A.B. asks: 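Sharing a structure below in structure tokens format, with a few things to ask.
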Amino acid sequence: MAKLKIAKYWADGCGGCDVSLLDTDAKILEVAAIADIVFWPIAVDGKYSDLEAAKPGEIDITFFNGAIHTAEHEHIAQLMREKSKIMVAYGSCACMGGIPSLANTTDRESIFETVYHLAPSNDNPRGVEPQTRTKVPEGVLSLPMLYERVKRLDECVEVDYYLPGCPPFYKRVADVIDVIASGKLPPKGSVVGAKDKALCEECPRERHEKKVKEFKRPQFAQDDGKTCLLEQGIVCVGVATRGGCEARCINANMPCRGCYGLLPEAMDQGASALSAVASIIDSNDPKEIEKVVNQIADPLGTFYRFGLPQQRVRI
Amino acid sequence: MAKITKKPDKEKIGVFLCHCGTNIAGVVDIPALAGYTRDLPGVEMVDEYKFMCSQPGQDLIKDSIKKHKLTKVIVAACSPLMHENTFRKACEEAGLNRYCFIMVNNREHNSWVTEDKALALQKAKDLIRGAVARAFWLEPLEVKEVGVNPNVLILGGGIAGIQAALDLAESGRTVYLVEREQSIGGNMAKFDKTFPTLDCAACILTPKMVSVGQHPNIKLWNYAEVDEVSGFVGNFKVKVRHKATSVNFEKCTGCGICQEKCPVKRPSEFDEGLGNRKAIYTLFAQAVPNKPVIDRVNCTYYIKGKCKVCEKFCEPKAIDFEMKDSVEEIEVGSIILATGFHLWEAGQMPELGMGKYPNVLTSLQFERMSNSSGPTLGKILLKDGREPESVAILHCTGSRDVNYHEYCSRVCCMYALKFAHLIKEKTKAHVYNFYIDMRCFGKGYEEFYHRLLEENVTFIRGKAASVTDRAENESESGKLIVMGEDTLSQKLLRLPVDMVILTNAIEPQLDAQEVARKFKISCAGGGFFLEKHPKLAPVATASDGVFIAGACQSPKDIPDTVAQGQAAASAVFALTQRGKVELEATTAIVDEELCSGCEICLSLCPYQAISHNAEKKISAINDALCKGCGTCAAACPSKAIFARHYTNQQILAELEGVLNERI
Amino acid sequence: MQAVTPYLEVTDAIMEAGGEKLKTCLQCGACTGSCPWAPVNGFSVRSMIRLSQFGLEGIEKMMWECSTCKQCEVRCPQGLPIIDVVKAARTVFSQGGLLPGPLRNVVGSLVSKGCPWGGEKEVRYDWMAGRPVPDFGPDKENLYFTCCTYAYDPRNRKVGEATVEVLNKAGLSWGVVKTGEVCCGEAVNKMGETELFGKLKDTNHKLFVDHKATSIITGSPHCYHTFTKEYPGGYKVRHISQVLADAVDSGKLKLSKSLLKKITFHDPCYLGRHNGIYDEPRAVLKAIPDAEFVEMPRNREDSLCCGGGGGKIWMEVPAGERLSDFRVQEAIDTGAQILVVDCPYCLTNFEDSRKVLNAEDKIQVMDLVELVKTVI
Amino acid sequence: MGKRYTIDPITRLEGHGRIDIFTDDDNNVTNAYLQIPQLRGFEKFCQGRPVEEVPRIVTRLCGVCPEAHHLCSAKAVDAVYGVEPPSAAKKLRELMYMAHFVHSHIAHFYALAAADFVMGPTSNPAERNILGVVGKVGLKIGGEVIKQRSNAQKVQEIIGGKATHPVCALPGGMSRPITEDERELIETMGIQAEEFAIFTLDLFQDVVLKNAAYVDVIKSPAYQLNVHNMGLVDANNKVNFYDGKVRVVDTNGKEMFKYSPKEYLDFVAEHTESFSYLKFPFLKKIGWKGLEEGQDSSVYWATPLSRLNAADGMATRRAQGHYEIFFKALGGKPVKATLATHWARLIEQLYAAERWLELVRDPEITSTELRADLTGKIPHEGVGILEAPRGTLTHHYVTDENGMVQKVNLIVGTTNNYAPISISIKKAAQGLIKKGAKVNEGVLNMVEMAFRAYDPCFSCATHSIPGRVPLIINLRDREGNILDTYKSL
């Protein structure tokens, strides 16, 4: 078998996805054995012109991480799509928007206001804001306009596989590399490197009847270290999140925030989580239920931490 | 990250448009609708008929299924509540699974509520498009049948339960009649006369009670309660706890000597606190069975460890102080709940003086007082033994009142008239009735009201505001003063009377919620048991095989209660006579590939149909118990549970169809 | 009988002005039967509501009979907010200066001076002169809000003065914002002057927010009611009786002096029925050494209105119709030597009735705080 | 005006860090601009979130240094609640953080910086990468690099739940203790980390310091920068990464001031230019004087080099030895050679490894007393400061009384260095691009070396561009026409 040509690229992300690939350690050498990395800016010097010169379909697999926040991101995504046989949305940002898409709770203007006018460390007496065009003595400098809304990769180009996680757990990345090496790829559109079952399946904690009288924020809860966090009144999104990460946050005694994304049959991760959490409130009294629900500090930012661009009802 | 979904196979859909006379066709342009429908994807044929539910209409559907080899059928007619079964059967007779059929409600949802014909046509198109889109995703479901145990459990030995028990026993069923008091009879046994005919309540009730006691097919289990119910329609298992009576009924002859000799005196609950009873006691003289029980809370022996006077005098040696509760499990196929009502304590309305002034009585207290076997032997007397010179009867005590019970208690107007009559008959007192509206709706009721008007009772159109003993002048001293406005004369009234009778609201039994949970039925607003449908299935409940009768369903008078008792009996009869029941196929099912075992669903199921499979670490649903309510499917964060016939795909396809002009 | 035609525009106007539940009235008359005014002047709330349902003449007179004591509301089987209907009727009918004369003066004074009693702004804080009244600031926990009546009315001033002493004795961290307070607006709101009320509310609310007040103590139940029910909030509000009950309960305030007297307590409508505060003042009274506490026949939820609410404190009520006269008599009949109140309107009315009834030697009327002052 | 070169203007390729170098008619560099063309808005969208969740959100500022953000955020959140974590919790945090420094510095040195030195700055770009380095130094060493970095990641994963985007810090403490087995494992790895740090320093000596040509490059004027120095120091003015006060030492090596986190607004301010989304922090007491060097300028840097310049020494034995060698070799404090930053980084790596061992051998490290009592604490406002591998990191939060975030301000490691990087680039360009000289890829890479010394991470800085900066360098004439373009994606 000829060596595969693999590319990796990021858009609006944090670089954690690249680190996750490095974290496969020895596996990365196996990758080198089966594939040539033709394009990976974090580790390999490459030329944009090479990429552009490539023929359509010349790259076998592109791992694309990060969400789409500027025209540039979209442009590269389209270019990579054209040049690649397989496009993998790598990591939560590419799959579903990720944490950068929390910016969709606000707008560009408010971000500018906060960063350039309200930040207490600002010394900006003339109220300067970044401009798309700035005249300097030597010429004109331009900046790209930010999109108003952060998008998922598959809102811009067709995606063949989704590899979720923030970042994807390196063991699952290694699994996916094995699958690629074996050549036995699942049907297009599949989620890879994650389970079809919710995180609860992997969660080592004990479960009993779920009846919650009160929701507590983690810092005020006395976690016993072994009982289902939800049962202890600590909001955990694991019930509405794909497994695959081996419940590492929960093993560190912290609740899941849903980075592996929505379950195969679910339509909206936040709605699923919310309906599950709402179902376990131990009361029939609407007033008490309202009181308990209000104890959930930040439903939007908790249940849609990673997937705002994916929610069915757009804000 | 949507799951890969398979495109549904090609379908042959037949659509049948019902005119419903002019009900639908008068508003919706049926030919235009037919033309539109014909072009929808998957639609093989479209036909229309004046009355699709008629025999020719059904034949049309059957013939078309065969002729066109239809795989799915849609009928656009009235509400599925009316004729879904009709058309399902038609489909089945033509060899098509009944779940491959959809009914579009083109009448209640459209023609009856839409004036603009163009809009009505548009809406009909939208609804049919939705049904067609959904039809692709429908799957045939298997309908299972189970046998029905002919035995019946009736909970509650009031008039409703008595009537149902007698009817069913006559039909040859074995009836377990479980009553928590030591005698059957219920509230009716406390009444004096019944309105509007003024029959003596005991005269019409006791013969039935005796029949129950004697009937070979009735197992009368008094002083017993249901601990646990499991199983499902036709196959219930019920654990009944026989409370320790401390009296061996086999040996007891009912001679009554023990009651005579017992030194303890307690206010009698049966007499609503107006008279006394002993620590060993029967409820009343005509009790069935007429055998006493020991009230262990108040019995000197149980408190202090000695006394045993009753034992000393009991010749048959029937007293058994060591008796313990015993639990017996029975198997029955159907259950009737006839648990009756509770009379609201008006103590929550302090302005009416209940509990504060001795001559303010509840309605049941008055019944007991007026009853010739009651504490005053039927005499209407004040606390000091005098006969009252004036009595006020206050209607709507805690009924029709958002602060207490929003509903009308339905019987108060009539018994208030009866009380007025009895007072007039037995005393020289003047009677005032404070009412908001006079509700006399039954057979002979208005006539009874008319009779009372002639009997010189004063009717005051206004709700009494307060009762006080604070006299402002000599003539008020020693009286109860009722304040209220006569709204018709627009005068504020200050009425000094000797006695005040309240018409306390009728409430569900205090443990109604608990009983509902045990039998997996629901409670409606106000806490009364919820029937399956107020008009179409008034004695059935959401739990198949469990029926309700009498005041546990809503406040009602004796004629209605007896009628419902018989209705419940006939429903049970029909069920047991058939001998088999179909289990609803539209149950929920767990996808084992998707269930993570988070156990969210477990505590949510109102029918306790879900259990945790410890081996597979996932949830499992018992088909026979599941009612397909969908609560678990909605809550399941994995969407690993889906409700058959209402899958997400089906619902979304229908929505998509309704909302999207192009499907 | 003269035939009339319903004037439903008026009905609509009343419904729009806050009486939207008007039509749910069953006309059962429980309200009239409960109303303390009905027996003395024949006022029928039900009748007023009926007329309102048709927009007929007569509302405009009847509506001023109500002192918003809430007795009817608690008994209304339909849960109709009757006071809102009265208020709405007043809003509709008093537009264009149709207020009864005495109330016009009140409104004028509120507009120009921010107080209903005609007192100048400058003298509002005079009562504090020479008294240890701390300034409210960031270092203080509680802001004490001075009711206009305590500030301007000579009899009521004594209550304010007692309050200073008692709060200091209890070691409470408190202070007064000694500029910018205006009337809480409760009465004028019930008089239907919603716009004026809005202005007063905004002024005080801004004062609270500007001073970062998180906890407010009021002497008058009317201020308490308005701050908790009508103001935007953001601060905890306590009535002085709650503060005293707390201080007594926690031992911060010791009631150490003996009081060999029989005392009774009158529940002000706005403390009791409107806000459910019944136990706190009683707890304080029962903690007074040696005092014998007796209840009047009409107590707690059944308490008889003094007749001063809803603007009626400024209106002339003919002799024989004054509720306070009946109430003081009721107190005398219990054998009590002191009638304790904790509302400036009740205090004012009862002091008047004492004189009218020539009962000045039979019974004393004291505010709760005044009485507490004498036993610490 | 000369010829107009138009090199395929890939105008849509605009999301990368971009350097525009303007030349005059004689092809002399007149100015150079570094533009950062993106912004993500964490400061805004963290508003309304519960403050305890912020440490779990801000990790996504940067997947390369998430521990820095997690722990800095945790410190700020502690301050918001006005609590100090128990000492075991602090030690556990610092232990994780030392592993993070080791991981980060290894990654930077071997994956990014070493290529320039080991392969040569003008070597074939196709080989100028980590694989080239491994090829040259040997596969065994390559394997060791991977192993050591991996070990450091493992330690962070044990303590933090995940190495990339840890979750362990709660207001006032840590969520989970470590077991004795875990402690032993971490100790074993620490011993190796220390050895490897020594090895790397030796390697640096061999390939860089013993090569006169490279030393010339390091000392060449194009790579000198005369600005103030910032760094976190402990009570003894020794370098500290997790805790202490920020010390600023001027261009002459004299202490200008020292401040604690909550005072930061008195000492640092940020200047905005319309051509970039990134702000320029500067010393507030001096005031913004533009992109200028010198004692009078308010520009400072916050890098491994500045940290060494700003401190009086290292708190561990072996690192202190190298600290002394370092300043002796480079002519005393403060060192102004940009490229010496690489060396400073390796000394820090050694310090981190030594401190790692100290902490893991502390008997308290397996304690389960990890949470401060929050009862009765009303959250309000807090500032956290620590040293990220790429510079001093400041997180500042204000919350309502329920601990819901109302304001967030961030001054991130690399942001501190925006002004010095800009000046360094301009100087390098002016030094390297001369009249008549052919501008080739190698020359432009040498411009980029000035930039790379800072290990700039604009993922953090603008909370925008992830990972190492992909660059476009445009060479423009006075009219702004692009003469030449160099792109590294």
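Residue numbering restarts at 1 for every chain, and letters A, B, ... go by the order of the sequence lines. Keep in mind that what you see is a predicted model, and the values were worked out from it rather than measured. Values below: all heavy atoms of this structure, side chains included; hydrogens, waters and symmetry mates excluded.
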A.B. asks: So which of A/Gly301, A/Pro167, A/Cys245, A/Ala119 has the largest heavy-atom pair count under 4.5 angstrom toward chain D?
C.D. replies: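 Max contact count across the listed options: A/Pro167.
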A.B. asks: Side chain, backbone, both or neither: which part of D/Ile411 has a heavy atom under 4.5 Å from chain A?
C.D. replies: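 Side chain only.
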A.B. asks: In terms of heavy-atom pairs under 4.5 Å, which option from A/Arg305, A/His69, A/Arg133, A/Glu129 contacts chain D the most?
C.D. replies: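 Top option by heavy-atom pairs under 4.5 Å: A/Arg305.
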A.B. asks: Is it the backbone or the side chain of D/Gln153 that comes under 4.5 Å from a heavy atom of chain A, or both, or neither?
C.D. replies: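 The side chain, not the backbone.
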A.B. asks: Heavy-atom pairs under 4.5 Å with chain D are the metric here; pick the option from A/Pro120, A/Pro218, A/Gly225, A/Pro125 that has the most.
C.D. replies: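 Looking at each option in turn, the highest pair count goes to A/Pro120.
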A.B. asks: Decide, yes or no, whether a salt bridge links A/Arg205 with A/Asp223 under the criterion of side-chain N to carboxylate O below 4.0 Å.
C.D. replies: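 Looking at A/Asp223 together with A/Arg205, the answer is yes, because their closest N to O distance falls below 4.0 Å.
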A.B. asks: Among D/Lys407, D/Glu273, D/Glu270, D/Lys279, which residue has the highest count of heavy-atom pairs closer than 4.5 Å to chain A?
C.D. replies: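 When all of D/Lys407, D/Glu273, D/Glu270, D/Lys279 are compared, D/Glu270 has the most.
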A.B. asks: Flag the one option from D/His396, D/Glu157, D/Lys154, D/Lys284 with the top tally of heavy-atom pairs under 4.5 Å to chain A.
C.D. replies: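 Sorted descending by pairs with chain A, the first entry is D/Glu157.
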A.B. asks: Would you please say whether a donor-acceptor pair under 3.5 Å links the side chains of A/Ser110 and A/Asp107?
C.D. replies: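 The answer is yes; a qualifying pair exists.
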A.B. asks: Have A/Tyr147 and A/Asp12 got a donor and an acceptor in their side chains that come within less than 3.5 Å?
C.D. replies: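 No - no donor-acceptor pair under 3.5 Å links their side chains.
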A.B. asks: Can you tell me which portion of D/Pro50 sits under 4.5 Å from chain A's heavy atoms? Options are side chain, backbone, both or neither.
C.D. replies: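 Both parts, heavy atoms under 4.5 Å.
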A.B. asks: Where on D/Ser276 is there a heavy atom nearer than 4.5 Å to chain A: the side chain, the backbone, both, or neither?
C.D. replies: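 Interface part for D/Ser276: backbone (N, CA, C, O).
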A.B. asks: Can you classify the ring geometry of D/Phe275 versus D/Tyr33 as parallel (below 30°), tilted (30 to 60°) or perpendicular (above 60°)?
C.D. replies: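 If you compare the ring of D/Phe275 with that of D/Tyr33, the planes turn out perpendicular.
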A.B. asks: Using a cut-off of under 4.5 Å for heavy-atom pairs, which of A/Asp23, A/Leu118, A/Asn251, A/Asn124 has the most such pairs with chain D?
C.D. replies: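 Most heavy-atom pairs within the cutoff with chain D belong to A/Asp23.
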A.B. asks: List in chain and number order the residues that pass side-chain contact (heavy atoms from CB on, under 4.5 Å) with A/Cys256, two or more places apart in sequence or in another chain; answer none if no residue qualifies.
C.D. replies: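 Per chain and number, A/Cys256 pairs via side-chain contact (heavy atoms from CB on, under 4.5 Å) with A/Leu199, A/Cys236, A/Thr241, A/Ile250.
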A.B. asks: By a 4.5 Å heavy-atom criterion (distance strictly below it), what part of D/Leu265 contacts chain A: side chain, backbone, both, or neither?
C.D. replies: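 Contact with chain A: side chain only.
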A.B. asks: Under the salt bridge (charged side-chain N to carboxylate O under 4.0 Å, His left out) definition, can you give me all pairs with a residue in residues 163-177 of chain D, not counting sequence neighbours?
C.D. replies: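 Listed by first then second residue: D/Arg176-D/Glu182.
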A.B. asks: Is the shortest side-chain heavy-atom distance between D/Arg56 and A/Pro255 below 4.5 Å?
C.D. replies: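 SC-SC contact between D/Arg56 and A/Pro255 confirmed.
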